[in-house]
Colleague: 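One structure, pasted below without further comment.
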Amino acid sequence: MHLSTFRGWLVPAAAGLLLASCQGKTSSSETATTTAPTEAEPTDTASVPAPADGITPALIARHIKVLASDEYQGRRPFTAGEEKATAYLASEFKKLGLQPGPNGSYFQAVPLVEIAGTPDSTATIGGNGKSLTLKYRADYMFLTEREQPTVVIKNSPLVFAGYGVTAPEYKWDDYAGLDVKGKTVVVLINDPGNAGNDTILFKGKAMTYYGRWGYKYEEAIRHGATGLLIIHDTKPASYPWTVVQSSNGGAKLHPQTPDHGASKLAVEGWITLDAAKRLFTAAGQNYDEAYTAANKPGFHGKAFGLSISTTLHNKITLKASKNVVAVLPGTTRPKEYIIYSAHWDHLGVGKAVAGDSIYNGALDNASGCAGLLAIATGFVQANSTPGRSIVFLAVTGEEQGLLGSDYYAQHPLFPVANTVADINMDELLAFGPMRDLTITGYGQSELDDYARAAAKEQNRYVIPYQHPETGSFYRSDHFSFAKVGIPALYASGEFESRLHGKAFAEKERKDFEEKNYHQPSDQFDPKWDLRGAAQDARLLFRIGQKLASETTFPKWKEGSEFKATREKSLLGN
Ligand SMILES: [Zn+2]
């Protein structure tokens with residue numbers, strides 16, 4: 001995933017602490033509010049006993065263990081790991097008796113281009129008698145979506161353009177009065193409201209789409225720029241430079257485009273905060289002053305008076321990756337669909353860390369795929385068959401920018417207007433049962449209400465995601481569905497451990513984020529406590545069962561940016 005949530009991993013053996021069940025006790029801990037529960041609220045720690053629905057920690061562990069094994073080589077698209085992972089998922093769905101997709105196959109081909117870019121080991125910045133040499137990996141990560149063996153950037157003038165945002169509805173334009181044609185724009189990470197300042201600008205602490213790097217690249221293209229460099233700052237980014245390195249080094253996948261990427265930027269890049277400060281200094285400017293100015297309305301960008309030169313060498317491969325699709329046909333409304341999604345891909349084999357070069361992606365996202373299989377098991381074992389059809393979709397290329405889910409949304413195997421909802425899983429948690437159900441994008445759709453009802457069955461409360469500054473809503477596959485109007489839910493426990501409280505959960509999440517996220521150490525650990533993962537899978541299963549039994553379509557709420565798209569799409573029905 002794109003660091004939407006940071007779930008912990010290692011759990012102290014807590015089996016001995018498993019609390020007695022408390023059946024029949026009415027829950028009073030449900031706090032369906034928009035804020036986290038306070039200490040004054042009940043400290044009921046009762047676990048609801050798990051029904052025998054086939055969704056078990058052992059089953060989830062079994063699937064994670066296979067998918068995250070070294071044999072699967074980190075499940076990178078276009079590798080033997082892809083073949084193994086997609087074949088495994090398809091065969092497991094088949095074993096459960098699920099049908100293939102409408103094309104008679106358990107696979108949907110996703111045409112992609114792989115660009116294995118090797119930037120020069122240095123980039124030269126010069127002008128006004130000053131010069132500065134930046135080093136690849138230590139100072140910058142550069143890549144391109146142009147399908148050309150060599151992309152040369154020669155003396156491209158550097159311009160500082162604040163956050164690189166043009167947002168008329170916020171009366172904000174970092175490009176106002178700035179000529180960036182043929183130039184390389186340098187911008188701050190995130191958006192003016194949320195970049196660690198928690199101001200009233202934009203949506204404050206919560207990141208808007210303007211804070212996403214994909215948006216910044218697009219905006220720079222609209223202004224005619226040659227390149228865009230984002231200044232990485234760990235705090236507002238919410239992840240360290242090592243994640244930028246592991247996510248942007250080596251080969252990258254992109255959607256195939258008719259013009260072979262010719263209209264994309266020559267260079268999409270990241271530089272460290274330290275390198276940025278040296279750049280400002282070389283230009284006779286001050287980073288801190290520029291930063292302060294960029295956070296005020298009416299900011300005006302400025303040229304550095306320096307130019308950048310570097311070259312990218314690319315190896316280009318056009319190839320199709322695969323989404324895996326399996327269907328449990330509905331009995332009464334088979335042409336209406338509920339989709340469960342999880343990405344099967346991860347980063348593959350990369351730079352060795354502590355002697356290990358396989359990025360196994362056990363939690364990210366073998367666990368979500370295990371969730372798909374567990375939920376499928378639940379539906380198959382249930383006494384009644386769902387009225388609506390249930391679709392299980394394991395998508396490719398999430399780590400490369402939601403490529404598989406985006407391709408599906410643009411080339412749906414089942415009509416978008418007949419798709420009731422998407423329920424997404426990305427990183428089930430491995431530190432035991434939780435009291436909360438945290439919803440990413442809370443307040444967007446009526447799926448919140450379904451989630452609340454299902455949470456209540458497990459004596460859990462619902463809260464909004466507590467770190468909206470990370471832009472989590474835009475960082476996993478549910479966003480691809482939301483963009484085409486399909487109400488999408490992304491929810492899991494993460495705020496309060498049932499056994500060890502909130503501080504413990506926070507620490508586990510932080511530890512994962514800092515030590516294991518997108519690192520080779522995200523691997524299966526037999527000491528994990530997957531009871532919380534099983535609970536989350538069950539909860540999402542229950543939501544799907546409910547949706548499958550109804551005849552109505554859950555709606556986006558007033559004020560959601562996806563509401564209009566959905567209404568337009570439903571007009572076709
Ligand atoms: Zn993920």
Side-chain angles (χ1 to χ4, degrees), residues 1-9 60 63-64 67-68 72 74-77 81-82 85-86 89 110 212-214 237-239 242-244 246-248 252-253 321 323-324 339-348 350 358-373 392-409 422-430 438 440-441 465 467 470-482 488-494 509 512-524 528 533 536-537 540:
M1 84 168 180
H2 285 269
L3 199 77
S4 38
T5 50
F6 331 116
R7 313 259 162 69
W9 63 303
I60 290 171
H63 291 307
I64 296 179
L67 289 162
Y72 282 62
R75 303 185 309 281
R76 187 182 168 81
E82 156 157 11
T86 55
L89 290 165
V110 180
R212 300 286 298 140
W213 46 264
S238 78
Y239 46 84
T242 50
V243 170
V244 180
S246 63
S247 306
N248 297 285
K252 285 281 288 179
L253 297 172
S321 183
N323 289 333
V324 182
I339 297 180
Y340 284 94
S341 59
H343 71 90
W344 61 254
D345 70 300
H346 194 57
L347 303 171
I358 302 174
Y359 289 65
N360 304 82
L363 287 183
D364 188 11
N365 185 31
S367 71
C369 293
L372 287 181
L373 292 168
F392 296 92
L393 191 65
V395 294
T396 182
E398 189 272 355
E399 302 289 9
Q400 316 274 339
L402 318 182
L403 302 178
S405 57
D406 192 58
Y407 185 82
Y408 178 89
D422 165 62
I423 299 172
N424 187 54
M425 284 172 286
D426 196 347
E427 288 188 18
L428 300 184
L429 77 169
T438 294
T440 295
Y465 183 58
H467 301 276
T470 62
S472 50
F473 193 74
Y474 312 107
R475 287 188 177 182
S476 187
D477 295 302
H478 57 282
F479 180 55
S480 297
F481 295 93
L489 181 71
Y490 181 33
S492 67
E494 68 171 59
R509 277 188 9 246
F512 178 73
E513 170 198 343
E514 282 158 17
K515 295 176 194 153
N516 306 312
Y517 174 73
H518 281 196
Q519 298 299 325
S521 54
D522 177 11
Q523 48 197 358
F524 179 76
W528 276 348
D536 279 358
L540 301 177

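Quick caveat, the model's predicted, so the values are computed rather than measured. We count ligands from 1, going down the list as the structure has it; atoms in each ligand are counted the same way.
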Colleague: Do any of the N/O/S atoms of Asp364, backbone or side chain, fall under 2.8 Å from the Zn ion (ligand 1)?
Modeller: yes
Colleague: Is any side-chain heavy atom of Leu429 closer than 4.5 Å to one of Arg509?
Modeller: no
Colleague: Within the distance-only criterion (no hydrogens, no angle test), does the side chain of His346 pair as donor or acceptor with the backbone N or O of Asp364 below 3.5 angstrom?
Modeller: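 Checking the backbone N and O of Asp364 against the side chain of His346, a donor-acceptor pair under 3.5 Å is found.
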Colleague: Tell me, which N, O or S atom in Asp426 is closest to the Zn ion (ligand 1)?
Modeller: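 Among the N, O or S atoms of Asp426, the one closest to the Zn ion (ligand 1) is OD1.
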Colleague: Using a cut-off of strictly less than 2.8 Å, determine whether His343 has an N/O/S atom near the Zn ion (ligand 1).
Modeller: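 Of the N, O and S atoms in His343, at least one lies under 2.8 Å from the Zn ion (ligand 1), which means yes.
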Colleague: With heavy-atom distances below 4.5 Å as the criterion, would you say the side chains of His518 and Tyr239 are in contact?
Modeller: no
Colleague: Can you tell me how far OG1 of Thr242 sits from OH of Tyr517, rounded to the nearest 0.5 angstrom?
Modeller: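 With rounding to 0.5 Å, OH (Tyr517) is 10.5 Å from OG1 (Thr242).
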